[in-house]
Amino acid sequence: MDGITLLPREEVLKLKLVVNELFLSIQGESTFAGYPCAFIRLTGCNLRCRWCDTTYAFSEGKLLPIEAIINQIQKFNIPLVEVTGGEPLLQKNTLHLLRLLCDLGYQVLLETSGSLSIRHVDPRVHRIVDLKCPSSGESEKNLLANLDWLGERDELKFVIGNNEDYQWAKTKLNEEKERLTKVRAITFSPVFGELEPRILSEWILADRLNVRLGLQIHKYIWHPEARGV
Ligand SMILES: C[S@@+](CC[C@H](N)C(=O)[O-])C[C@H]1O[C@@H](n2cnc3c(N)ncnc32)[C@H](O)[C@@H]1O
Ligand SMILES: Nc1nc2[nH]cc(C(=O)O)c2c(=O)[nH]1
Ligand code: SF4
Ligand SMILES: [Mg+2]
């Protein structure tokens, strides 16, 4: 992904993005879990993770000007915003949206698959980057160069479906430990409904692994398949 040309705000507001949903919820993931958060879910994804819980965002969406997105986010009237998807970095205008949200004073989170470069994402954004484990079927698409760009505001997430994924993730952490010294958190999150949180917790404890167990808490608050939460 090339860097963006810095455009004046009035031009950025006219740029368009295909948006799947805009909603207010309790942040369910990352070290920001538990806080009220506004969500911008963008449409389209370049991956097809076997266990994806958001397949509806692969194609459903509406082309909106960034101005309309910002107007709705402002109506939610809270300081935390997350841009997610689908894969948000698939749309080139997302970089402009992220920069404008930061300029407007929001605390901005980005959920991204790790298959596209985070290099040109505004450094004020907290980047929450997946490394896809083998059971996703997409671990070949991991762009390991992204690990060079992870800093203290960023988080790395492994979604664990089985013990093979767990061992793979442990090996990756060991192989890449030099590049992960600064990251804010490393999260191991169980594939919802496939791997019991208790089992993953016991693996982590047995290995005294210095990682954060992540649960998608919104799926315990509302129905796990509910949209817009
Ligand atoms: C829906 S994805 C959208 C952002 C981006 N495409 C990505 O994969 O990071 C948001 C997060 O939900 C996680 N996720 C998706 N389906 C899941 C599931 N069934 N169980 C646990 N986490 C899941 C993804 O791994 C990712 O960390
Ligand atoms: N409440 C809530 N928190 C989330 N954190 C990351 C999400 C995502 O789908 O990227 C998500 C989501 O879908 N809902
Ligand atoms: S990259 Fe994210 S949105 Fe795309 S299939 Fe995987 S989990 Fe779903
Ligand atoms: Mg989700």
Side-chain angles (χ1 to χ4, degrees), residues 1 17-61 73 76 78-91 94 97-98 101 106-118 121 125-144 146 154-161 165 169 184-185 187-195 212-229:
M1 172 177 284
L17 284 161
V18 185
V19 179
N20 173 265
E21 53 186 349
L22 300 171
F23 61 98
L24 179 61
S25 185
I26 294 295
Q27 175 51 252
E29 307 199 36
S30 79
T31 59
F32 292 86
Y35 288 103
C37 184
F39 289 83
I40 303 167
R41 189 183 304 287
L42 299 180
T43 299
C45 187
N46 55 317
L47 302 190
R48 290 294 181 271
C49 301
R50 176 185 59 79
W51 33 252
C52 180
D53 62 8
T54 318
T55 56
Y56 62 87
F58 291 169
S59 57
E60 293 174 37
I73 294 302
F76 289 136
I78 47 161
L80 185 64
V81 185
E82 179 157 77
V83 179
T84 184
E87 177 42 53
L89 292 183
L90 203 52
Q91 298 186 55
T94 302
L97 171 67
L98 290 166
L101 286 166
Y106 288 100
Q107 189 165 31
V108 184
L109 312 181
L110 172 71
E111 282 272 358
T112 183
S113 66
S115 66
L116 300 177
S117 178
I118 61 169
V121 172
V125 172
H126 297 275
R127 286 100 44 119
I128 300 150
V129 184
D130 270 30
L131 262 190
K132 301 294 181 182
C133 298
S135 83
S136 70
E138 294 287 19
S139 53
E140 298 306 312
K141 303 275 178 59
N142 289 325
L143 186 65
L144 290 181
N146 274 333
D154 305 318
E155 304 185 21
L156 189 62
K157 188 193 306 178
F158 295 85
V159 174
I160 311 282
D165 282 355
R184 178 185 172 105
T187 298
F188 280 27
S189 175
V191 173
F192 189 86
E194 272 190 26
L195 179 63
R212 177 183 167 274
L213 174 77
L215 298 181
Q216 295 177 293
I217 65 168
H218 54 294
K219 293 184 177 175
Y220 297 85
I221 301 166
W222 295 282
H223 188 282
E225 284 164 24
R227 295 188 185 191
V229 290

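The first residue of the sequence shown is numbered 1, and numbering continues consecutively from there. Counting starts at 1 for both ligands and their atoms, following the listed order. Computation of the quantities below employed the complete heavy-atom set of this structure, encompassing side-chain atoms and omitting hydrogens, waters and symmetry-equivalent molecules.
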Separation of Ile118 CD1 from Thr112 OG1 (nearest 0.5 Å): 8.0 Å
Residue, atom name and distance, where the atom is the protein heavy atom closest to atom 3 (N) of ligand 2: Gly28 N, 2.9 Å
SB check Arg50 Glu194 (cutoff 4.0 Å): yes
Separation of Thr94 OG1 from Leu101 CG (nearest 0.5 Å): 10.5 Å
Min side-chain heavy-atom separation Glu29-Glu155 under 4.5 Å: no
Test item: Asn20 and Tyr56 side chains (from C-beta on) under 4.5 Å apart, heavy atoms: yes
Distance-only donor-acceptor check, side chains Arg184 and Thr31, under 3.5 Å: yes
Over 12 non-hydrogen atoms of neighbours within 6.0 angstrom of OH in Tyr35: no
Closest approach of any protein heavy atom to atom 12 (C) of ligand 2, naming residue and atom: His218 NE2, 3.5 Å
Derivation and outcome, side-chain contact (heavy atoms from CB on, under 4.5 Å), residues Val159 and Trp51: CA-CA 10 Å; Val159 174; Trp51 33 252; 3.8 Å; yes
Under 2.8 Å from atom 6 (Fe) of ligand 3 - protein N/O/S, by chain and number: Cys49 SG
Whether Phe23 and Phe39 hold their rings parallel, tilted or perpendicular, with breakpoints at 30° and 60°: parallel
Worked check of salt bridge (charged side-chain N to carboxylate O under 4.0 Å, His left out) between Arg227 and Glu60: CA-CA 12 Å; Arg227 295 188 185 191; Glu60 293 174 37; 2.8 Å; yes
Arg48 charged N/C atom sitting above Phe58 aromatic ring, 6.0 Å / 45°: yes
Protein heavy atom at shortest distance from atom 10 (O) of ligand 2: Thr84 OG1, 2.6 Å
Val229, any N or O under 3.5 Å of ligand 2 N or O: yes
Test of proximity, Phe23 against ligand 2: N or O pairs below 3.5 Å: no
Distance filter under 4.0 Å to Ser25 heavy atoms, resulting ligand 2 atoms: 1 (N)
For atom 11 (C) of ligand 2, closest protein heavy-atom neighbour: Phe39 CE2, 3.8 Å
Residue and atom name of the nearest protein heavy atom (relative to atom 9 (O) of ligand 2), distance in Å to one decimal: Arg41 NH1, 3.0 Å
N/O separation below 3.5 Å, Thr54 to ligand 2: no
Min side-chain heavy-atom separation Asp53-Gln216 under 4.5 Å: yes
Proximal atoms of ligand 3 relative to Phe58 (non-hydrogen, under 4.0 Å): 5 (S)
Min heavy-atom dist Glu82 to ligand 2 below 4.0 Å: yes
Numbering as shown, the atoms of ligand 3 that approach Gly86 to under 4.0 Å (heavy-atom distance): 3 (S)
Closest approach of any protein heavy atom to atom 5 (N) of ligand 2, naming residue and atom: Gln27 OE1, 2.8 Å
Contact (N/O only, under 3.5 Å) between Ile26 and ligand 2: yes
Heavy-atom check, side chain of Lys141 versus side chain of Lys132, under 4.5 Å: no
